[in-house]
Amino acid sequence: MKTDLTDTTSSKINKALVLGRRAIGTPAVGMVLTLVIVTDEENAYDALKAASEASREHPSRTLVVIKRVSRSPRDRANTRLDAEVRLGADAGSGETVILRLYGEVVDQAQSVVLPLLLPDAPVVVWWPVNAPTDPARDPLGALAQRRVTDTYAAEQPIEELTARADTYTPGDTDLSWTRITPWRSMLAAALDQVACEVTSADVEGEEFNPSVELLAMWLAERLKVPVRRSKSAGPGLTSVRLETNAGPIVLDRPDGSLATLSIQGQPDRAVALKRRETAELIAEELRRLDPDDTYAAALRFGLERLDEEAAVTAPAAGEPVDVTAAEAPAPEPAGEPADEESAEESGERPAKKAPAKRAAARKAAK
């Protein structure tokens, strides 16, 4: 059942919801939370489809807030609220209200949404794209117990991830973190099978993928070891290699669907590790509404600290060490005797410079 309301108000939308429930024979409200989706017209369809599929597991009232950009001064002065109310089969297992805001009401979206929230029910706000820098301080984000962003959809994902760390507030989460849940579960299970000590790790994935950075920071924070990041053609995360005193543990997924788990002394095993759809990611986030302390610890570990620790990691096996590039010739002090210059031209090297060369070689091998 669909009801279109033009130039309406929040009270009229609430009335349409009550009348719609009576018309389809379900006067009782059986939703467990309110999901507010803040998006634009271009991404509204995909976000609403994902939320509708997730509502099969979490029946909810879904409020889609679409802020329409006015093209002329006259349109910007024309404040209007249009709504589309969906109930029954058209709204999955809950209720859906699509709100289109025009004019000055765009900056007062929280005033429109607040009367439509389910009473005594948690509120989750999700920004599929164009998330605010500080979600907790956003007027809509301030209404929610849980705030979901997606740095993968940002123009500069890595910079966006750093901003999330600077403004983190308990209740914040990101779908880039949700995407690595199967990886974290599989790696933790692999380490439970072997009594070993991890010495270093290598995370491989496509460039500018925040999930790669988050998984690397999680490993570095939990295992207290240097973690390298390597680039690949994707899709997404492709491989994680843990170096241990009992041999390497490798989880490799080259095709985005089926992974291979390799543990020293054990046969290789095929593992289902497919890339999940957005609906599955949202459904996972709605299962828990308390602060995610593990995500907070990984995020606060910091990309800068991760880079510093990765810089001192030993070269990978088979990687040549360029000693000559690391060696820098020491400047000759003023007043150097001429016989030393002639000795260098003839191929002889003064004995007193030999320790400096060995020190440079040791530095390059670290």
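Computation of the quantities below employed the complete heavy-atom set of this structure, encompassing side-chain atoms and omitting hydrogens, waters and symmetry-equivalent molecules.
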Return the set of residues passing side-chain contact (heavy atoms from CB on, under 4.5 Å) with [X] (not counting sequence neighbours), or none when no residue passes.
| X | answer |
| --- | --- |
| Arg269 | Gln193, Leu261, Ile263, Gln266 |
| Leu114 | Leu117, Leu143 |
| Ser262 | Val250, Thr260, Asp268 |
| Asp40 | Glu42, Asn43, Val129, Asn130 |

**Fill in**
So the side-chain hydrogen bond (donor to acceptor under 3.5 Å, both in side chains) pairs with at least one residue in residues 270-279 (sequence neighbours excluded) are Lys274-Glu280, Arg276-Glu284
**Message:** Taking side-chain hydrogen bond (donor to acceptor under 3.5 Å, both in side chains) as the cut-off, I'd like each qualifying pair that reaches into residues 152-161, sequence neighbours left out, listed once.
**Reply:** Tyr152-Glu206, Glu160-Arg164
Between [atom1] of [X] and [atom2] of [Y], what distance do you get to the nearest 0.5 Å?
| X | Y | atom1 | atom2 | value |
| --- | --- | --- | --- | --- |
| Leu63 | Thr96 | CG | OG1 | 8.5 Å |
| Leu187 | Leu251 | CG | CG | 5.5 Å |
| Asp172 | Thr167 | CG | OG1 | 6.5 Å |
| Ser10 | Asn14 | OG | CG | 7.5 Å |
| Thr39 | Trp127 | OG1 | CH2 | 12.0 Å |
| Leu87 | Arg61 | CG | CZ | 9.0 Å |

**Item:** Connected hydrophobic set around Leu48, excluding itself, where side chains approach under 4.5 Å
**Value:** Val32, Leu33, Leu35, Ile37, Val64, Ile66, Ile98, Val124, Trp126, Val148, Leu175, Leu281, Ile282, Leu286, Leu289
Taking every non-hydrogen atom, the tightest pair across [X] and [Y]:
| X | Y | value |
| --- | --- | --- |
| Ala109 | Lys67 | CB-CE, 4.1 Å |
| Ser211 | Arg179 | OG-CB, 4.0 Å |
| Arg253 | Ala259 | CB-CB, 3.8 Å |
| Val198 | Val225 | O-CG1, 3.2 Å |
| Ala216 | Arg229 | CB-CD, 3.6 Å |
| Thr178 | Pro182 | O-CD, 4.3 Å |

**Item:** side-chain contact (heavy atoms from CB on, under 4.5 Å) assessment of Asp107 paired with Glu104
**Value:** CA-CA 6 Å; Asp107 299 326; Glu104 296 179 357; 5.8 Å; no
pair [X]-[Y]: side-chain heavy atoms closer than 4.5 Å:
| X | Y | answer |
| --- | --- | --- |
| Arg80 | Val105 | no |
| Val194 | Thr244 | no |
| Asp202 | Val227 | no |
| Asp46 | Pro128 | no |

**Item:** Donor-acceptor pair between Ser176 and Asp174 side chains, under 3.5 angstrom
**Value:** yes
**Complete:** Residue pairs passing the salt bridge (Lys or Arg N to Asp or Glu O under 4.0 Å) test with at least one member in residues 131-146, sequence neighbours excluded, are Asp134-Arg137, Arg146-Glu285
**Request:** Name all pairs fulfilling the salt bridge (Lys or Arg N to Asp or Glu O under 4.0 Å) condition that reach into residues 243-252, sequence neighbours left out, sorted by first residue then second.
**Result:** Arg241-Glu243
**Item:** Cluster overlap Leu273 with Leu258, hydrophobic side-chain contacts below 4.5 Å
**Value:**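 In one cluster with Leu273: Leu258, no.
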Please report, to 0.1 Å, the donor-acceptor pairs under 3.5 Å made by any side chain of residues 290-297, with sequence neighbours excluded.
| unit_1 | atom_1 | unit_2 | atom_2 | d |
| --- | --- | --- | --- | --- |
| Asp290 | OD1 | Arg288 | NE | 3.4 |
| Asp290 | OD2 | Arg288 | NH2 | 3.2 |
| Asp292 | OD1 | Thr294 | N | 3.3 |
| Asp292 | OD1 | Tyr295 | N | 3.3 |
| Asp292 | OD2 | Trp177 | NE1 | 3.1 |

**Asked** Salt-bridged, Glu221 to Arg300, with N to O below 4.0 Å?
**Response** no
**Asked** Counting N and O atoms only, with roles assigned by atom type, does the side chain of Ser55 sit under 3.5 Å from a partner on the main chain of Ser52, one being a donor and the other an acceptor?
**Response**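 The answer is yes, because a donor-acceptor pair under 3.5 Å joins these two groups.
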**Prompt:** salt bridge (charged side-chain N to carboxylate O under 4.0 Å, His left out) with Glu207: which residues, sequence neighbours excluded?
**Reply:**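 Salt bridge (charged side-chain N to carboxylate O under 4.0 Å, His left out) list for Glu207, sorted by chain: Lys231.
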**Message:** Could you work out, with salt bridge (charged side-chain N to carboxylate O under 4.0 Å, His left out) as the rule, every residue matching Arg100, not counting sequence neighbours?
**Reply:**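 Arg100 satisfies salt bridge (charged side-chain N to carboxylate O under 4.0 Å, His left out) with Glu41 once adjacent residues are dropped.
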**Asked** So among Ile13, Asp82, Thr8, which one has a side chain to side chain contact (heavy atoms under 4.5 Å, CB included) with Leu99?
**Response**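 Among Ile13, Asp82, Thr8, the one meeting side chain to side chain contact (heavy atoms under 4.5 Å, CB included) with Leu99 is Ile13.
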**Request:** Using side chain to side chain contact (heavy atoms under 4.5 Å, CB included) as the criterion, point out the one residue from Asp166, Leu161, Thr173 that pairs with Leu299.
**Result:**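 Exactly one pass, corresponding to Leu161.
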**Request:** Step through the shown structure and confirm whether more than 12 heavy atoms of other residues, nucleotides or ligands are within 6.0 Å of CZ on Arg222.
**Result:**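 For Arg222, atom CZ is not crowded (no more than 12 foreign heavy atoms under 6.0 Å).
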**Message:** Looking at Phe208, I want to see if its CZ is surrounded by more than 12 non-hydrogen atoms of other residues, nucleotides or ligands under 6.0 Å.
**Reply:** no
